[in-house]
Amino acid sequence: MVSSPDAYFGPGFDGTGDLSLIPQIQRGGLGIWGAVVLGAVGAWIGCRRAGVKLSAFMDAAAPGLLLAQAIGRWGNYFNQELFGGPTTLPWGLQVDADNPNFPAGMPADTLFHPTFLYESLWNLVGVVVLLALDRRFSFRRARLFWLYAIYYTLGRVWIEAMRIDDAEQINLFGITTRLNVWTSIFVLIVALAVFIVLGLRKREVPDTPYLPGREPEAAVTGDDADAADATDADDADAEPATVPAAPAAIRHSDTAVSDTESRGNVPGNQSGPDRVSAPAEAPGESTGGTKPASGEPATGASGSRGTGTAPEADSTK
């Protein structure tokens, strides 16, 4: 509608065009300028819902967008449209003489510049350039996207100037050329200015692609998770080591055992030599050795006598 308005509004906007062609997108008419602008609106809506900065999404999408344009340009080949002027180069494009886009008055065997191929190759090279520069400089804040705009419009200027199809002609500064040429120049200047201004601004700290307050919870990285699993496995396999205590270091936990407590652990007069009365307290409360029942060495004490004040078994008789 903007670059080729005659079909919709008539030559010189005289009203002889067909407005019903405007919604018939199946017949073409989608320009890259409108696709990028309206696509950015949709991306902004999606980024707001996902909690991601639009600038981060634009940087991520830039190389893919240029690749998509490189592929999409091949539609001009199948439609035999948007080609350049006549050429004798071996890669010249042959267009059917009965095609509506074939220039009138030219021989049927005329070859034309395949401008779709030039733009496709230009864009493919641009994908490599963008990825290489981003790998080197790590562009942020949509700088990679504006670099894409600079690169694309720089190529679009000279490729668009080669085309011979009907297009809106604009006169600026005494120069009359196609509307898309002037559009490319304007976008190139704006993109270059924005790219420079963003480069002069200090990088945000922390530099995150998420909107404020929408950052995901901290997650354990793969290396940390592997290390944690290995540590848990080692702990599960390991058995507690038993370290023998030195005889001189073994002491009763209670250094002042009462006479009543001692008698509770000594065999009674009527209990017989093999019967021992129950201890007064739970065995787990004392970490020392066990008093012998009838003169035998104390167990758990490596044959050493404790330092407690408990009387001998004979003194209770």
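For the numbers below, each heavy atom of this structure counts, side chains included, while hydrogens, waters and symmetry mates do not. Bear in mind that the values here come from a model prediction, so they are computed numbers and not experimental data.
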Could you list the donor-acceptor pairs under 3.5 angstrom formed by side chains in residues 53-68, with sequence neighbours left out?
residue, atom, partner, partner atom, Å
Lys53, NZ, Glu204, OE1, 3.0
Lys53, NZ, Thr208, O, 3.1
Asp59, OD1, Ala142, N, 3.4
Asp59, OD1, Arg143, N, 3.3
Asp59, OD1, Leu144, N, 3.0
Asp59, OD1, Phe145, N, 3.2
Asp59, OD2, Ala142, N, 3.0

Indicate if [X] and [Y] have the same hydrophobic cluster label, given that clusters are the connected sets of ILVMFWY residues with side-chain heavy-atom separations under 4.5 angstrom.
{"X": "Val125", "Y": "Val127", "result": "yes"}
{"X": "Leu82", "Y": "Trp74", "result": "no"}
{"X": "Val157", "Y": "Tyr151", "result": "no"}
{"X": "Leu38", "Y": "Trp33", "result": "no"}
{"X": "Phe137", "Y": "Leu147", "result": "yes"}

> What's the verdict on side chain to side chain contact (heavy atoms under 4.5 Å, CB included) for Trp91 and Tyr118, showing C-alpha distance, side-chain angles and the deciding distance?
Replying inline: CA-CA 11 Å; Trp91 56 79; Tyr118 300 159; 2.9 Å; yes
Output the distance between atom [atom1] ([X]) and atom [atom2] ([Y]), rounded to the nearest 0.5 Å.
{"X": "Leu124", "Y": "Gln69", "atom1": "CG", "atom2": "CD", "result": "11.0 Å"}
{"X": "Asp96", "Y": "Phe102", "atom1": "CG", "atom2": "CZ", "result": "9.0 Å"}
{"X": "Asn180", "Y": "Thr153", "atom1": "CG", "atom2": "OG1", "result": "12.0 Å"}
{"X": "Thr115", "Y": "Arg163", "atom1": "OG1", "atom2": "CZ", "result": "5.0 Å"}
{"X": "Gln169", "Y": "Thr176", "atom1": "CD", "atom2": "OG1", "result": "7.5 Å"}
{"X": "Ile159", "Y": "Arg73", "atom1": "CD1", "atom2": "CZ", "result": "8.5 Å"}

>> Once side chain to side chain donor-acceptor pair (under 3.5 Å) is applied, do any residues pair with Glu81, and if so which ones, sequence neighbours excluded?
In response: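 In terms of side chain to side chain donor-acceptor pair (under 3.5 Å), with neighbours along the sequence ignored, Glu81 is linked to Asn76, Asn79.
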> Taking side chain as C-beta onward, heavy atoms only, is Tyr77 less than 4.5 Å from Leu93?
Replying inline: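 Tyr77 reaches Leu93 side chain to side chain.
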>> Counting C-beta onward and ignoring hydrogens, is there a side-chain heavy-atom pair between Ile150 and Leu188 closer than 4.5 Å?
In response: yes
Looking at [X] and [Y], would you say the former's side chain and the latter's main chain have a donor-acceptor pair under 3.5 Å?
{"X": "Arg48", "Y": "Ala43", "value": "no"}
{"X": "Thr110", "Y": "Met106", "value": "no"}
{"X": "Glu215", "Y": "Gly213", "value": "yes"}

> What do the steps show when you test Ile170 against Leu172 for side chain to side chain contact (heavy atoms under 4.5 Å, CB included), and what is the final call?
Replying inline: CA-CA 6 Å; Ile170 303 295; Leu172 292 175; 3.9 Å; yes
> Centroid-to-centroid, Phe195 to Phe139, below 6.0 Å?
Replying inline: yes
State, to 0.1 Å, how close [X] and [Y] come at their nearest heavy-atom pair, and which atoms those are.
{"X": "Ile164", "Y": "Pro103", "result": "CD1-CG, 3.7 Å"}
{"X": "Ser120", "Y": "Ala70", "result": "OG-O, 2.9 Å"}
{"X": "Ala108", "Y": "Ala97", "result": "CB-CB, 3.8 Å"}

> More than 12 heavy atoms of other residues, nucleotides or ligands under 6.0 Å from OH of Tyr210: is that the case?
Replying inline: no
>> Is it the case that atom CH2 in Trp44 sees more than 12 heavy atoms from other parts of the structure closer than 6.0 Å?
In response: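 Count not over threshold, so no.
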>> Could you check whether Arg156 and Tyr152, counting side-chain N and O atoms only, form a donor-acceptor pair closer than 3.5 Å?
In response: yes
>> Working note: Asp165 + Arg178, criterion salt bridge (Lys or Arg N to Asp or Glu O under 4.0 Å); need CA distance, chi angles, decisive distance, verdict.
In response: CA-CA 10 Å; Asp165 57 287; Arg178 299 163 67 93; 3.1 Å; yes
> So Phe112 and Phe83, would you call those rings parallel, tilted or perpendicular, with 30° and 60° as cut-offs?
Replying inline: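 Plane angle between 30° and 60°, so tilted.
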